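One structure below.
Since the structure is predicted, the reported quantities are computational estimates derived from the model, not experimental observations. Counting starts at 1 for both ligands and their atoms, following the listed order.
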Amino acid sequence: MTAAYSKQDIIAELTAPIADIVKCYPTQRSAIMPALYLAQDTYGFLDETAYRAIAEILDIPEIWVFELASFYTLYKNKKIGKYNLQLCTNVPCMLRGAYDLLGHLQTRLGINKGDTSTDGLFTLTTVECIGSCDLAPAMMVNETYHTNLSKERVDKLLDQLSQSSIKPSVEESKSSVEKSKPSVEKNNASTDKGPSTGTESSAGNGP
Ligand code: FES
């Protein structure tokens with residue numbers, strides 16, 4: 001993002017929608033996380049330029065933004081694939097075969113954990129509990145939950161995602177920014193409605 005967007009670009013683009021976000025919270029600081037998420041949704045990932053821009057928009061110390069963005073794994077500090085595969089490997093999912101699925105995904109995609117496939121479609125990561133322990137093993141693809149996974153279901157899901165053009169790529173998202181500024185409503189409704197494997201949901205079911 002640094003090469004394509006300057007701090008001033010981001011400020012010009014996001015000041016208005018972040019001002020709308022701030023109205024929902026008691027303090028400027030409370031709006032850091034949704035502001036970060038909006039920036040990531042707009043540009044595909046976050047970097048120091050974005051952190052500094054958000055701090056300036058919110059008129060808060062930069063360290064407040066840096067410490068939050070570096071703590072939570074949902075904030076990406078590098079460009080990722082169109083589909084972010086976030087496989088849970090905590091104990092309930094581990095006991096239900098999560099590491100077998102991880103090995104299968106790595107073999108199928110030809111990448112290691114943390115990498116992005118050469119076609120730019122898939123980034124593979126492992127995450128802590130995503131709140132679907134009762135339906136383990138579970139994985140999120142962008143913001144959609146896929147549960148009760150097996151190697152066969154993973155293969156079916158990857159096949160469907162590979163063939164799908166429902167969700168725009170990062171590059172397509174960047175292009176759309178040029179045409180219309182993001183709104184808070186758009187951000188709140190930006191859940192991925194990717195292909196169905198018959199085991200997906202948009203919210204987790206806690207333990
Ligand atoms: S341990 Fe995997 S969803 Fe809770």
Side-chain angles (χ1 to χ4, degrees), residues 30-41 44-46 67-117 119-164 166-170 173 186-207:
S30 303
I32 297 174
M33 291 187 71
L36 282 168
Y37 203 75
L38 174 63
Q40 179 170 269
D41 200 38
F45 69 102
L46 300 165
E67 63 190 8
L68 266 181
S70 60
F71 180 80
Y72 290 104
T73 57
L74 79 161
Y75 298 123
K76 307 304 176 189
N77 60 7
K78 63 181 180 181
K79 184 177 178 181
I80 62 173
K82 180 177 180 179
Y83 298 109
N84 186 20
L85 310 179
Q86 303 153 85
L87 178 68
C88 174
T89 53
N90 266 187
V91 174
C93 286
M94 178 190 72
L95 294 174
R96 295 272 293 162
Y99 280 97
D100 285 341
L101 290 179
L102 176 61
H104 184 68
L105 281 162
Q106 290 180 143
T107 301
R108 162 82 190 245
L109 298 173
I111 59 176
N112 292 317
K113 181 180 71 172
D115 292 342
T116 298
S117 57
D119 59 8
L121 272 185
F122 299 104
T123 295
L124 177 60
T125 56
T126 57
V127 295
E128 303 301 319
C129 179
I130 55 176
S132 288
C133 315
D134 57 330
L135 299 173
M139 175 172 72
M140 289 181 70
V141 179
N142 297 345
E143 297 173 8
T144 301
Y145 283 77
H146 296 269
T147 54
N148 283 321
L149 290 173
S150 62
K151 291 179 182 177
E152 292 72 25
R153 283 179 164 165
V154 164
D155 282 341
K156 181 180 178 183
L157 173 62
L158 294 183
D159 288 342
Q160 290 177 328
L161 292 173
S162 295
Q163 296 165 10
S164 172
I166 293 175
K167 187 171 177 63
S169 68
V170 169
S173 295
K186 176 184 174 185
N187 187 47
N188 288 343
S190 63
T191 52
D192 182 8
K193 304 299 182 187
S196 170
T197 58
T199 58
E200 71 174 55
S201 64
S202 58
N205 301 303

Close side-chain approach of L157 to M139, heavy-atom, < 4.5 Å: yes
Walk me through whether K151 and D100 qualify under salt bridge (Lys or Arg N to Asp or Glu O under 4.0 Å). CA-CA 8 Å; K151 291 179 182 177; D100 285 341; 5.5 Å; no
Those atoms of ligand 1 less than 4.0 Å from some heavy atom in N90: 1 (S)
When you compare the side chain of Q160 with that of K156, does any pair of heavy atoms fall below 4.5 Å? yes
Show which atoms of ligand 1 fall inside a sub-4.0 Å distance from at least one heavy-atom site of C88. 1 (S), 2 (Fe), 3 (S)
Distance filter under 4.0 Å to I130 heavy atoms, resulting ligand 1 atoms: 3 (S)
Residues K82 and D119 bridged, charged N to O under 4.0 Å: no
Given atom 4 (Fe) of ligand 1 as the apex, I'd like the angle to SG of C133 and SG of C129, rounded to 10 degrees. 90°
So, 4.0 Å and heavy atoms of P92: is ligand 1 close enough to count as a contact? yes
Are the side chains of K79 and T123 in contact, using a 4.5 Å heavy-atom criterion? no
With heavy atoms of C93 as the reference, note each atom of ligand 1 found under 4.0 Å away. 1 (S), 2 (Fe), 3 (S)
